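This one's a predicted model, so the numbers in the text were calculated from it and none came from an experiment.
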Amino acid sequence: MSLSVEALQGSHVSSYDTQKTGAAVDPKIPDEQISQKHVTHPGEAPDGGIRAWLVVFARSHQAWFSTFLGYLSSVLRGKSTTPHFSFNYYALACLPSLATGRMFDLGYFKIPFFAATCVLVACTFLTAECTQFWQFFLTQGVGVGVSCGIMWNPAVVIVPQWFSKRRGLALSLTTIGTVLGSIVFPVAAQNLIPLIGFKWTVRVFGFILMATLGTANVLLKRRLPPVNIRGGLFNFNAFRNKAFTIYCISGVMIVLGLDTELTYLPVSAVAIGVSKDFSFYTLAIANAASALRVSFGLMSDKIGAINTMVVMTAVTGIATIVWPFAKNESQLIAIAAIYGFSLGAYVSLYSAPLVAMGQMEDAGRRVGMFMSLIALGGAAGPPISGAISTATGGFVAAGGSIIFGVALLLVARYLHLGRLWGKF
């Protein structure tokens, strides 16, 4: 996701990068007091340079893991277990962000990240030996889910420390790894399983993750020193910021319907006569279209992250509503491409407003609180959408939830800027 802090915070809020860390105490939150032993003068974010771009490169490699769980559960085995794993994935991948975000703010980053990497890789190789559902649940659902949760938040927060004016571009580039993984894993699985079998296919994936996550462990590095801002693990005082509160509610509503199409797209493809082998490629098409998300990073530098997300996420909601009406392969491919393209805006830019709604020293906890809340929507979304679709034959509820969340984004922008329109 180049997006300046000034642009995100509005004209009445000064940039973090031009302030001293001693200014991290929010005057509106009286019980937040900063530990003075860590106060430094970090200066402005470099917004480029070899070190900064290596962090982006490393974050993009780390993002590969976020695509791994769904494909092992639904693509490799071909079973209808995706909603069950989706529930567990969101619960265990998002909820740990609450703790790891706070730990990141306090300076605990490298060791937890490395430990989570080891667990994730080990669980991947163990998956090759799984033969029953409960074994998949323990290795993928619990092991991979918790590991992803430990790595997710710090990796998201670390990039804004290195970028301010070009933050949108940097954040959008970091999610390219997700796109590549979403394309490589299903296509590779479809071709490798007939050749080398399930076990060795999973092992190949394990070696890929070992290389990508190893790169992330070496190159990811925080720029700013840790600062202890009081307020506890879940700082309820942050919700005195009405814009932050509405933004969190918006996230829950959007994520409630966001993954519905990705979850059920192959199933709907088979239902309209698309071959089972090609149905999995509809996911690859959607994710390939999502690779254009870098353009949203550039757009956010010009008009703001929320403004970019409002337009494109509304398109995602409309595509989710229209998708069940596709009657043939070409129509389904077109809708999948539009959905994938527009989806990239929210998944690459959602953290930018969160960073801007407070001080950088507390960004890990703030993002962690947001992630723990949207876990509710992400975990419940696909199962609820599936049940509603069974009863109604469509996904209007999922698309409507996304569009309602977009409306709340506009409310959050108004509350933050104090006016109806502006760059945010």
Side-chain angles (χ1 to χ4, degrees), residues 57-90 92-93 96 111-152 155 175-220 262-263 266 276-284 287-288:
F57 178 74
R59 169 67 179 101
S60 67
H61 276 60
Q62 179 262 346
W64 278 67
F65 76 76
S66 65
T67 65
F68 180 63
L69 178 63
Y71 291 117
L72 281 182
S73 60
S74 62
V75 177
L76 293 183
R77 273 309 194 192
K79 295 180 178 181
S80 300
T81 58
T82 302
H84 306 309
F85 280 105
S86 173
F87 180 90
N88 196 68
Y89 173 78
Y90 271 101
L92 294 179
I111 293 177
F113 194 92
F114 176 73
T117 297
C118 293
V119 172
L120 191 151
V121 172
C123 286
T124 301
F125 284 104
L126 286 173
T127 299
E129 310 303 323
C130 294
T131 58
Q132 300 180 34
F133 176 83
W134 67 268
Q135 295 171 341
F136 282 100
F137 182 83
L138 288 178
T139 55
Q140 294 183 63
V142 178
V144 175
V146 172
S147 300
C148 289
I150 293 173
M151 291 188 287
W152 195 340
T175 60
I176 292 298
T178 303
V179 177
L180 293 176
S182 299
I183 297 172
V184 169
F185 281 131
V187 174
Q190 285 292 101
N191 290 277
L192 287 178
I193 290 178
L195 295 175
I196 61 177
F198 172 77
K199 288 187 176 182
W200 270 107
T201 298
V202 176
R203 291 166 185 160
V204 168
F205 285 5
F207 286 119
I208 292 175
L209 290 176
M210 187 182 296
T212 56
L213 292 176
T215 301
N217 274 270
V218 173
L219 297 179
L220 279 176
L262 283 179
T263 302
K276 186 176 181 180
D277 288 338
F278 185 80
S279 67
F280 287 113
Y281 287 93
T282 58
L283 291 174
N287 286 298

**Q** Is it the case that more than 12 heavy atoms not belonging to Ile111 sit under 6.0 Å from its CD1 atom?
**A** no

**Q** Considering all heavy atoms of both residues, which atom of Pro112 and which atom of Ile150 are nearest to each other, and what is their separation?
**A**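 Heavy atoms of Pro112 and Ile150 come nearest at O-CG2, 3.5 Å.
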
**Q** If every non-hydrogen atom of Thr139 is compared with every non-hydrogen atom of Cys123, which pair is closest and at what distance?
**A** O-CB, 3.4 Å

**Q** What is the minimum heavy-atom distance between Asn217 and Phe114, and which atoms define it?
**A**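 So the minimum-distance heavy-atom pair works out to OD1-CA, 3.2 Å.
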
**Q** Can you tell me how far apart CZ (Phe205) and OG1 (Thr127) are? Round to the nearest 0.5 Å.
**A**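 Taking CZ in Phe205 and OG1 in Thr127, the distance rounds to 11.5 Å.
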
**Q** Side chains of Cys148 and Val144: closer than 4.5 Å at any heavy-atom pair?
**A**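 They are in contact (side-chain heavy atoms under 4.5 Å apart), so the answer is yes.
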
**Q** Hey, what do you get for OG1 (Thr175) to CZ (Arg59), rounding to the nearest 0.5 Å?
**A** 8.0 Å

**Q** So Trp134 and Leu138, do their side chains get closer than 4.5 Å, heavy atoms only?
**A** yes

**Q** Specify the closest pair of heavy atoms between Gly206 and Phe125, including all atoms of both residues, with the distance to one decimal.
**A** C-CZ, 3.8 Å

**Q** Can you confirm whether Leu209 sits close enough to Leu120 that some side-chain heavy atom of one is under 4.5 Å from a side-chain heavy atom of the other?
**A**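 Of all side-chain heavy-atom pairs linking Leu120 with Leu209, at least one is under 4.5 Å.
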
**Q** With no hydrogens and no angle check, do the side chains of Thr131 and Gln135 hold a donor and an acceptor under 3.5 Å apart?
**A** yes

**Q** Nearest heavy-atom pair of Val202 and Thr124: which atoms, and what distance?
**A** CG1-O, 3.1 Å

**Q** Considering non-hydrogen atoms only, spot the tightest contact between Ala116 and Met151 and give its length.
**A** CB-CG, 3.7 Å

**Q** To the nearest 0.5 Å, what is the distance between CZ on Phe113 and SG on Cys118?
**A**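 These two atoms lie 11.0 Å from each other.
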
